[in-house]
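Here's the structure, in structure tokens; my notes come after.
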Amino acid sequence: MGWVAAVRMEGPELKEWHVLEGKARFAYEPGLLALREGPLLEAAFRGLSQWPELLMVNATGRDHPRKAGLAVHLGVVLGVPTLGVTRSPLCAEGSLPSNERGSRSPLFYEGQCVAYWVRTKTGVAPLVVHPGWRVEAEEAVRIVLSWTRRYRTPEPLRQARKKARQARSSHLLRVERELG
DNA sequence: GCGACAG
DNA sequence: ATCTTGTCGC
């Protein structure tokens with residue numbers, strides 16, 4: 001089972017959210033995340049009453065064996081500009097950026113710069129920022145930096161993760177109670 | 001054959 | 001992703 005949340009934010013304000021539970025199609029396999037979990041993420045997004053101008057996804061973009069990570073898939077299917085944020089690259093390689101918040105360094109795959117390491121917090125491990133659907137790399141980096149300050153993770157992803165984990169936690173508690 | 005490997 | 005242990009800073 002999987003729990004997915006989509007949140008819509010305006011600045012620091014959490015405007016709305018939609019959480020849902022569903023089944024993953026098969027075991028996790030690097031390179032097939034869109035097939036495994038894409039439908040769940042799509043459904044979560046479509047549950048929002050008002051669509052945001054941009055979607056931030058916890059997934060890669062062109063850093064993918066077929067240059068089409070989940071962030072790209074969702075942009076195409078939903079018709080919304082997307083960018084991806086991950087803890088590490090899938091295929092791409094590149095040296096780490098300097099220690100200060102705001103520093104970045106390119107990640108290459110098959111001779112192309114497909115993403116950037118971005119230091120969102122001084123002295124803390126950097127994140128990977130992926131241009132997705134109709135969002136340029138420079139713009140993606142600027143946007144991710146604008147949504148971070150106190151924490152390493154961009155606020156929309158923090159909020160969505162929190163909602164999904166709350167839903168999973170209450171589900172597990174309910175099951176536990178039913179079984180005694 | 002072994003390690004790597006978005007989440 | 002999950003799990004465990006330890007450290008640092010407000």
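In what follows, chains are A, B, ... by sequence order, proteins preceding strands, each numbered from 1. We use all heavy atoms of the structure for the numbers below, so side chains are in, but hydrogens, waters and symmetry mates are not.
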Measure [atom1]/[X] against [atom2]/[N] and give the value in whole Å, please.
{"X": "A:Arg168", "N": "B:dG7", "atom1": "CZ", "atom2": "C1'", "answer": "12 Å"}
{"X": "A:Leu74", "N": "B:dG7", "atom1": "CG", "atom2": "P", "answer": "14 Å"}
{"X": "A:His73", "N": "B:dA6", "atom1": "NE2", "atom2": "P", "answer": "16 Å"}
{"X": "A:His64", "N": "B:dA6", "atom1": "NE2", "atom2": "P", "answer": "11 Å"}
{"X": "A:Arg87", "N": "B:dA4", "atom1": "CZ", "atom2": "C1'", "answer": "15 Å"}
{"X": "A:Met1", "N": "B:dG7", "atom1": "CE", "atom2": "C1'", "answer": "17 Å"}
{"X": "A:Trp3", "N": "C:dA1", "atom1": "CH2", "atom2": "C1'", "answer": "13 Å"}

Establish, yes or no, whether the cationic atom of A:Arg36 lies under 6.0 Å from the six-membered ring centre of A:Tyr28 and within 45° of the ring axis. no

Determine whether [X] and [Y] make a side-chain contact, defined as any pair of heavy atoms from C-beta on separated by less than 4.5 Å.
{"X": "A:His130", "Y": "A:Thr86", "result": "yes"}
{"X": "A:Val135", "Y": "A:Pro81", "result": "yes"}
{"X": "A:Leu35", "Y": "A:Glu29", "result": "no"}

Looking at B:dA6, does its base get a donor-acceptor pair with the side chain of A:Thr60 below 3.5 Å? yes

Could you tell me whether A:Glu138 and A:Arg104 make a salt bridge, using a distance below 4.0 angstrom between a side-chain N and a carboxylate O? yes

Cationic N near anionic O, under 4.0 Å, A:Glu42 to A:Arg46: yes

Give me the residues of residues 17-47 of chain A where at least one heavy atom lies under 4.0 Å from an atom of DNA chain B, by number, or none. A:Tyr28, A:Pro30, A:Gly31, A:Leu32, A:Leu33

Which of residues 136-165 of chain A sit near DNA chain C, with a heavy atom under 4.0 Å from it? A:Arg161, A:Arg165

Which residues in residues 92-99 of chain A have a heavy atom closer than 4.0 Å to any atom of DNA chain C? none

Closest heavy-atom contact between A:Ala92 and A:Leu107? CB-CB, 3.8 Å

Please lay out, stage by stage, how A:Ile143 and A:Leu54 fare under the test side chain to side chain contact (heavy atoms under 4.5 Å, CB included). CA-CA 10 Å; A:Ile143 291 168; A:Leu54 178 133; 3.7 Å; yes

Apply the side-chain contact (heavy atoms from CB on, under 4.5 Å) test between A:Thr153 and each candidate in A:Lys121, A:Arg87, A:Arg158; give the one that qualifies. A:Arg158

Using the C1' atom on both, measure B:dA4 against C:dA1 and round to a whole Å. 16 Å

Span that lies between the P atom of C:dT2 and that of B:dG3, in whole angstrom: 24 Å

What's the verdict on side-chain hydrogen bond (donor to acceptor under 3.5 Å, both in side chains) for A:Glu16 and A:Ser49, showing C-alpha distance, side-chain angles and the deciding distance? CA-CA 8 Å; A:Glu16 71 169 304; A:Ser49 65; 3.0 Å; yes

With side chain to side chain contact (heavy atoms under 4.5 Å, CB included) as the test, would you mind laying out the steps for A:Leu32 and A:Phe26 before giving the verdict? CA-CA 10 Å; A:Leu32 300 181; A:Phe26 47 89; 4.1 Å; yes

